[in-house]
Amino acid sequence: MTAVESRPAGVVVGTRTAPRPFGARVGAFVALTKPRIIELLLISTVPVMFLAQGGVPNLWRVLAVVVGGYLSAGGANALNMYIDRDIDAVMSRTERRPIVTGMVSPREALVFGVVLAVVSTLWLGLLVNWLSSALALGALLFYVFVYTLGLKRRTSQNVVWGGIAGCMPVLVGWSSVTNSVSWAAVVLFLVVFFWTPPHTWVLMMKVRDDYAKAGVPMLPVIRGNIGVARQVVAYSWVMVATSLLLWPAAHTSWLYPAAAAVLGALWMKEAYALQSRAKAGIVGAKLKEMRLFHWSITYLTLLFLVVAIDPFVG
């Protein structure tokens, strides 16, 4: 099936002559914000507010941060889709994105992304504080200009450094409560920084042919499964070690280091299992690279849930 054949009936890319139902249009603009990705960003934002507060933060402030964070990340994602519309049309996993199908025009996506960027910056500045606003805007600009325009199509290390944008919600969450950034926030920033490459690379192992077809030098395209698995293990060790630094940095209770150690051990078990299968020459579905991908989401969710609960443990 070609990209053209997979587009919704009545829609032709690059034209505005075909009907575009209102409900479908609304859904398309929501899709531009990549809601499922933003869920992960909020997981690393709200729990940090509990840790920074040492208890339950102001719930109106939490709501303001969640809304502002969604708008900011959504704007970044919309601009990312505008820039990457050419490679999105080539890859099977992205050929149904709103711009590719014609449900949203490139100009509409560009305007939508810029408007979200402006609104989110003002929202966070006026309702939270200007430090949080500046950090969120910095993440947006970094994702659009450094990662999407600068790194993504040029280096296999794009995910490593581009992942900085995805770490910024931690700092936004902390600064929204304290109007400052502490070492505890930096440690959690680094946890997400070292978590991002393994989380992303194992997914890229699954869809490497798509990126190869589009000419995007993701690490699995450049390196074989064994090389990627070794990198996953290396970053995983650093991530787990870094996660334990929150204990002295934030003076947490016994709960956090215990949970971080158990979760880290389970992560390393999956990472080494993936490396063993790669070294054995296993490919295809039996490589089971998505086991670590799904576990990585569970790991981050549980780790940050413990971050939120820890202040209530004596």
Can you find a heavy atom in the side chain of Met205 that is under 4.5 Å from one in the side chain of Leu287?
yes
If every non-hydrogen atom of Tyr256 is compared with every non-hydrogen atom of Asp310, which pair is closest and at what distance?
N-OD1, 3.3 Å
In short, Val221 meets Ala212 closest at the heavy-atom pair CG2-N, 3.8 Å
Minimum heavy-atom separation for Ser175 and Asn129, please, with both atom names.
O-ND2, 2.9 Å
Please name all residues satisfying salt bridge (charged side-chain N to carboxylate O under 4.0 Å, His left out) with Arg208, sequence neighbours left out, ordered by chain then number.
none
Does the ring center of Tyr235 lie less than 6.0 Å from the ring center of Trp201?
yes
Would you please name every residue forming a side-chain contact (heavy atoms from CB on, under 4.5 Å) with Ile297, sequence neighbours left out?
Leu40, His199, Phe293, Thr301
Please examine the side chains of Asp210 and Val90, heavy atoms only from C-beta on, and report whether any two atoms are closer than 4.5 Å.
no
I'd like to check the side-chain contact (heavy atoms from CB on, under 4.5 Å) partners of Ala249; sequence neighbours left out, ordered by chain and number.
Val187
Minimal heavy-atom distance between Phe193 and Pro197, with the atoms involved, is O-CD, 3.0 Å
Report yes if some heavy atom in the side chain of Val240 is under 4.5 Å from a heavy atom in the side chain of Met268; otherwise report no.
yes
Pro311 to Gly54 - nearest heavy-atom pair and separation
CB-C, 3.7 Å
Hey, quick one: are Leu41 and Leu190 part of the same hydrophobic cluster, counting side-chain heavy atoms closer than 4.5 Å, chains of contacts allowed?
no
Residue Lys213 excluded, over 12 heavy atoms near NZ under 6.0 Å:
yes
Residues 139-152, side-chain donor-acceptor partners within the protein, below 3.5 Å, at least two apart:
| from | atom 1 | to | atom 2 | distance (Å) |
| --- | --- | --- | --- | --- |
| Thr148 | OG1 | Asn80 | ND2 | 3.0 |
| Thr148 | OG1 | Tyr143 | O | 2.8 |
| Lys152 | NZ | Asp84 | OD2 | 2.7 |

Are more than 12 heavy atoms from other residues, nucleotides or ligands located less than 6.0 Å from atom CH2 of Trp295?
yes
Below 4.5 Å, heavy atoms only, C-beta onward: do Ser133 and Val128 meet side chain to side chain?
no
Got Ser132 and Val65 here, is their nearest side-chain heavy-atom distance under 4.5 Å?
no
Give me the one residue out of Lys34, Arg97, Arg93 that meets salt bridge (Lys or Arg N to Asp or Glu O under 4.0 Å) with Asp88.
Arg97
Using the rule that two of Ile, Leu, Val, Met, Phe, Trp, Tyr join whenever any of their side-chain heavy atoms come within less than 4.5 Å, decide whether Trp247 and Val191 are in one cluster.
no
What one should report as the nearest heavy-atom pair of Ile222 and Ser156 is CG1-CB, 3.9 Å
Flag the pair Trp267 / Tyr272 as yes when at least one side-chain heavy-atom distance between them is below 4.5 Å, and no otherwise.
no
Going by the ring-ring contact (aromatic ring centres under 6.0 Å, His included) test, which pairs reach into residues 26-68, not counting sequence neighbours?
Phe29-Phe112
With distance as the sole test, does Arg25 use its side chain to make a donor-acceptor pair with the main-chain N or O of Met103 at under 3.5 Å?
yes
Do the side chains of Ile99 and Leu32 get nearer than 4.5 Å, heavy atoms only?
yes
Going by atom type alone, with no hydrogens or angles, which donor-acceptor pairs under 3.5 Å involve a side-chain atom of residues 223-231 and a protein atom two or more places apart or on another chain?
none

